[in-house]
Amino acid sequence: MFDKEYDVIVVGAGHAGSEAAAAAANLGCSTLLITMNLQNIAQMSCNPAMGGIAKGQIVREIDALGGYSGIVSDRTAIQFKMLNKSKGPAMWSPRVQSDRMRFAEEWRLLLEQTPNLDFYQEMVGGLLVENGEVRGVRTSLGIEVKGKAVVLTNGTFLNGLIHIGEKQFGGGRAGERAATGITEQLVDLGFDSGRMKTGTPPRVDGRSLDYSKMIEQPGDESPEKFSYTDLTKPLTSQRSCHMTYTSSDVHDLLREGFDRSPMFNGRIKSIGPRYCPSIEDKINRFADKDRHQIFVEPEGWNTVEVYVNGFSTSLPEDVQFKALRSVAGFEGVKFFRPGYAIEYDYFPPTQLTHTLETKLVSGLFFAGQINGTTGYEEAASQGLMAGMNAALKVKEQESFILKRSEAYIGVLIDDLITKGTEEPYRMFTSRAEYRTLLRQDNADFRLTPKAHKIGLASDDRMRRMEEKEKKSNAFVKFFKETSVSPEEANPVLEDKNSSPIKQSGKLFKLFARPQITLEDIKHFEKISAYIEENNLDKEVLEQTEIQVKYSGYIEKEKNNADKLNRLEDIKIPKNFDYSKLKSLSFEAKEKMSKIKPATVSQASRISGVSPSDISVLLVYMGR
């Protein structure tokens with residue numbers, strides 16, 4: 001098995017590793033996925049859900065590119081919600097509650113059906129590196145496996161240390177050992193490393209909860225799905241989540257354990273996720289709040305195990321138990337397992353290029369929590385991009401890079417490699433300056449043609465995208481060319497408290513009014529007839545409505561993006577000597593020499609680089 005040299009070796013089989021392996025194999029490369037436990041492929045280590053604010057957009061982008069996360073999420077969903085529907089479409093974010101066991105099983109089955117992909121279960125203890133180029137990996141048993149490119153997706157396993165109160169023990173996840181050796185070797189090779197922390201709440205027995213004391217959180221009445229393909233179907237039945245609250249009594253009980261908390265007694269020295277703090281961190285930082293939300297999430301269709309979202313903690317297990325029993329609905333709770341915190345090694349991502357290849361070792365790629373991110377979706381998108389670029393490098397083809405104006409994935413990677421991160425990075429819609437362009441509904445328009453060009457998105461995906469685009473563009477054109485009379489329009493307008501029209505006007509202008517929805521427009525006979533004749537589905541109708549209502553905003557944002565992209569086209573030579581530019585500030589010289597921006601646009605986003613520094617750079621580049 002190991003006599004041959006693989007094109008791509010992927011280390012770790014979490015969300016990043018699974019997407020990386022699938023992408024490399026689907027691009028025709030002989031690929032080996034090597035992991036410490038094949039039973040835990042794509043394990044949902046924390047919450048049993050995919051998507052959410054900005055994260056849902058990322059899952060849709062992965063799907064549009066030909067990745068598997070959207071398909072797996074749809075097939076194993078137990079609830080679907082489109083979040084932020086009360087806001088504009090740039091903020092709409094799909095989310096599913098997942099069946100944890102089915103999710104991992106579906107991922108494994110999909111990977112096993114992927115041609116060119118081999119599997120091996122063992123710990124990787126080191127890399128084979130010669131003359132600054134990766135040559136493969138070495139396992140803990142001493143087996144050397146040759147590979148032209150290696151993708152490291154080690155998650156929380158690199159020197160992982162688990163904390164529960166005053167107890168601490170090595171591990172990458174509860175019940176699984178940590179991975180050792182890789183950090184030390186990478187540091188010897190010249191890489192900077194750091195430590196981060198994340199945590200997880202207790203899992204409890206759903207049979208011991210009193211749901212009558214909680215607020216039911218059902219899924220959407222008309223659930224949608226993630227994947228743009230016809231390989232999945234929307235849910236026809238769903239399981240509800242529930243919501244309850246902590247109280248000042250719960251907070252007092254938790255405070256009793258603060259002296260034994262590794263967060264407060266100095267045992268944990270690393271930084272945790274700002275936007276997903278532990279319950280003890282919440283009551284310490286927000287002392288004025290007398291309650292916090294707790295979301296009670298089922299872990300699957302048939303299991304009784306429940307995830308207590310919002311109660312992430314590393315407090316001693318007896319304190320966790322006593323405090324949780326004071327939460328409404330949890331008075332008789334039984335634990336399946338306590339919550340815990342975990343510290344692990346990461347490598348500041350400024351050491352990477354836009355392809356996620358390391359600057360120090362050619363052919364070596366990092367993806368996921370090793371880069372300082374948090375979340376399955378962020379990890380999966382990096383895995384997909386690293387797997388694609390590793391395969392393209394082996395095939396000696398042009399790299400695949402997404403700009404900030406093209407995808408949330410582009411924003412994520414550019415933020416990481418340009419700004420770095422000292423705390424677990426999480427994606428938000430506010431991080432994207434072009435979020436009106438980067439909506440969840442148009443990820444296929446934005447990305448499927450690009451992925452199809454390199455062979456990752458299938459012909460069927462491309463055909464479906466072109467058909468949807470053609471139909472929605474034709475419908476928009478119909479609105480622009482079709483007039484409506486006052487007699488026909490005014491009854492609908494008056495019903496919606498919108499000003500009546502005095503003479504015939506184009507439907508486009510009428511539909512663009514904020515009070516008028518597609519359901520209102522359907523009352524016009526010519527519209528309902530057009531929809532029926534052209535067999536327009538929900539996706540096309542939604543796309544058309546957004547294109548009409550937000551056309552002005554979309555056009556303005558496109559123009560802004562085009563201006564920025566002109567700077568993206570101005571490349572900076574790979575080993576450019578910034579010290580020879582006397583007019584550059586000292587900070588700009590120092591930071592640009594370290595990060596080595598590929599374009600003037602990337603240089604402009606480096607913290608500490610001023611507009612005057614960019615002007616100096618532009619003048620030198622002959623601008």
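Using a cutoff of 4.0 Å between basic side-chain nitrogens and carboxylate oxygens, Lys197 and Glu343 are not scored as salt-bridged. For the pair Arg173 and Glu176, the salt-bridge criterion is met [side-chain N within less than 4.0 Å of a carboxylate O]. Salt-bridge annotation for Arg426 and Glu378: absent, with no side-chain N of the basic residue lying under 4.0 Å from a carboxylate O of the acidic one. With salt bridges taken as basic N to acidic carboxylate O contacts below 4.0 Å, one links Glu305 and Arg337. The pair Asp318-Arg260 counts as a salt bridge, with a side-chain nitrogen and a carboxylate oxygen less than 4.0 angstrom apart. Ionic pairing of Arg255 and Glu280 is not present here: no N-O contact between side-chain nitrogen and carboxylate oxygen is shorter than 4.0 angstrom. Taking a cutoff of 4.0 Å between a charged side-chain nitrogen and a carboxylate oxygen, Lys538 and Glu542 do not qualify as a salt bridge. Between Glu331 and Lys213 there is a salt bridge, with a side-chain nitrogen of the basic residue lying less than 4.0 Å from a carboxylate oxygen of the acidic one.
Judged purely by distance below 3.5 Å, without hydrogens or angles, the side chains of Asn37 and Gln43 never pair a donor atom with an acceptor atom. With hydrogens and angles left out, the side-chain atoms of Ser240 and Glu216 include a donor and acceptor closer than 3.5 Å.
Evaluated for a ring-ring contact (aromatic ring centres under 6.0 Å, His included) with His15, the options Tyr68, Trp107, Phe103 yield exactly one hit, Phe103. Under the side chain to side chain contact (heavy atoms under 4.5 Å, CB included) test applied with Leu356, the options Val151, Asn371, Asn389 reduce to a single match, Asn371.
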